[in-house]
Amino acid sequence: MSIILETDRLVLRPFVEDDVEAVQRNVSLWEIARMTTRIAHPYPEGAAADWIAGHGEARAKAQEHTFAITEDAGENEGSCAIEPIIGAISLRKLEPGNYELGYWLAPECWGRGLATDAARAMVVFGFEKLYAEALQSGHFIDNLASGRVLQKAGFAANGVARQWSAARQGFVDAHRLLLTRETWQRARQDMDKAP
């Protein structure tokens, strides 16, 4: 059964074969690849097809849940992109109850709050559907915009680490962030109490 997550402006859905071209084109961009840990640059021809083909097995084994970020069809006016796929977001299991959030977004859609919307939807999915106890994420120190996205989604600073960048072919300092189930539940209770 396919899981679809919706926000006011976005639909997060499983990738399909028709998405290959859009993914290949987007992740081939240096400005996307350089801010991720796992996307190589140059991005190999055919890698998007292989990546999408592996999602079903990863989901079936409960190892990684990856979604295409698309704009809601009802919100097309003012859309940031021509293509239906504007990004990707996933939760990858690190150990039982502990997942890592990762994402990328097409550059023409940056600065519109869409990454924050997608991250918040994935936080709810992680805690309510995957029964996570903690979610981790991070961003390279030269990607402050991603740090703001994660903070708005509830994550808090949890140190600095050296992380491999496949695109940069080296280790880069990265801010690590954490969101626990307890912190998330407390924030939700506080919002419910607010007038």
Side-chain angles (χ1 to χ4, degrees), residues 10-59 63-71 79-94 99-123 135-153 155 158-177:
L10 300 174
V11 174
L12 309 182
R13 59 156 176 84
F15 279 92
V16 295
E17 192 175 327
D18 288 348
D19 299 328
V20 166
E21 192 175 312
V23 171
Q24 186 79 33
R25 188 168 31 259
N26 274 299
V27 299
S28 292
L29 298 172
W30 172 245
E31 56 262 55
I32 288 179
R34 70 184 289 269
M35 294 303 185
T36 69
T37 56
R38 298 191 282 168
I39 298 174
H41 189 82
Y43 194 64
E45 194 62 42
D50 293 342
W51 178 68
I52 290 172
H55 290 178
E57 182 178 351
R59 193 168 30 255
Q63 292 302 310
E64 188 162 13
H65 301 269
T66 304
F67 294 86
I69 303 173
T70 68
E71 288 189 278
S79 175
C80 65
I82 297 170
E83 302 192 64
I85 303 299
I86 61 170
I89 192 162
S90 69
L91 283 172
R92 180 171 53 103
K93 184 188 278 186
L94 301 174
Y99 292 82
E100 177 149 31
L101 176 73
Y103 70 91
W104 60 262
L105 195 67
E108 62 269 22
C109 297
W110 293 354
R112 295 170 47 111
L114 298 173
T116 300
D117 285 357
R120 285 176 173 157
M122 287 297 280
V123 164
L135 303 179
Q136 298 182 34
S137 196
H139 63 91
F140 293 136
I141 59 169
D142 57 350
N143 189 2
L144 298 178
S146 194
R148 289 189 294 275
V149 165
L150 295 169
Q151 289 168 355
K152 289 176 186 176
F155 288 80
N158 192 37
V160 176
R162 300 278 290 163
Q163 287 195 262
W164 179 256
S165 167
R168 301 185 204 201
Q169 285 295 293
F171 286 95
V172 181
D173 285 338
H175 293 285
R176 298 298 304 162
L177 293 96

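For the residue pair Asn26 and Ala106, the shortest heavy atom distance occurs at OD1-CB, 3.5 Å. Summarising the geometry of Asp173 relative to Val160, their closest heavy-atom pair is CB-CG1, 4.4 Å, with the distance given to 0.1 Å. Across all their heavy atoms, Arg34 and Glu31 have their closest contact at CG-O, 3.9 Å. For the pair Ala33 and Ala40, the tightest heavy-atom approach, listed with the atom from each and the gap, is CB-O, 4.2 Å.
Every residue meeting the ring-ring contact (aromatic ring centres under 6.0 Å, His included) condition with Trp30, not counting sequence neighbours, appears here in chain and number order: His41.
Within a 6.0 Å radius of CD in Glu21, other residues, nucleotides and ligands contribute 12 heavy atoms or fewer. Within 6.0 Å of CD on Gln169 lie more than 12 heavy atoms contributed by other residues, nucleotides or ligands.
To the nearest 0.5 Å, atoms SG (Cys80) and CG (Leu114) are separated by 5.5 Å.
When side chains are defined from C-beta on, Gln163 does not count as touching His175, because their heavy atoms never get closer than 4.5 Å. The shortest distance between side-chain heavy atoms of Phe67 and Met122 falls below 4.5 Å. Between Leu177 and Gln151, some side-chain heavy-atom pair lies under the 4.5 Å cut-off. Thr70 is listed as a side-chain neighbour of Ile85, based on a closest heavy-atom distance under 4.5 Å. Between Leu10 and Ile86 the shortest side-chain heavy-atom distance falls below 4.5 Å. In this structure, Arg176 and Gln136 have side chains that are in contact, with non-hydrogen atoms separated by less than 4.5 Å.
A salt bridge does not link Arg38 to Glu100: none of the charged nitrogens lies less than 4.0 Å from a carboxylate oxygen.
No donor-acceptor distance shorter than 3.5 angstrom exists from the side chain of Thr66 to the backbone of His55, with no hydrogens or angles considered. Side-chain N or O atoms of Arg148 include none that pairs as donor or acceptor with a backbone N or O of Thr116 at under 3.5 Å. Looking at Gln24, its side chain does come within 3.5 Å of a backbone N or O of Ala48 through a donor-acceptor pair.
When each of Asn158, Leu101, Val149 is checked for a side-chain contact (heavy atoms from CB on, under 4.5 Å) with Ser137, only Leu101 meets the rule.
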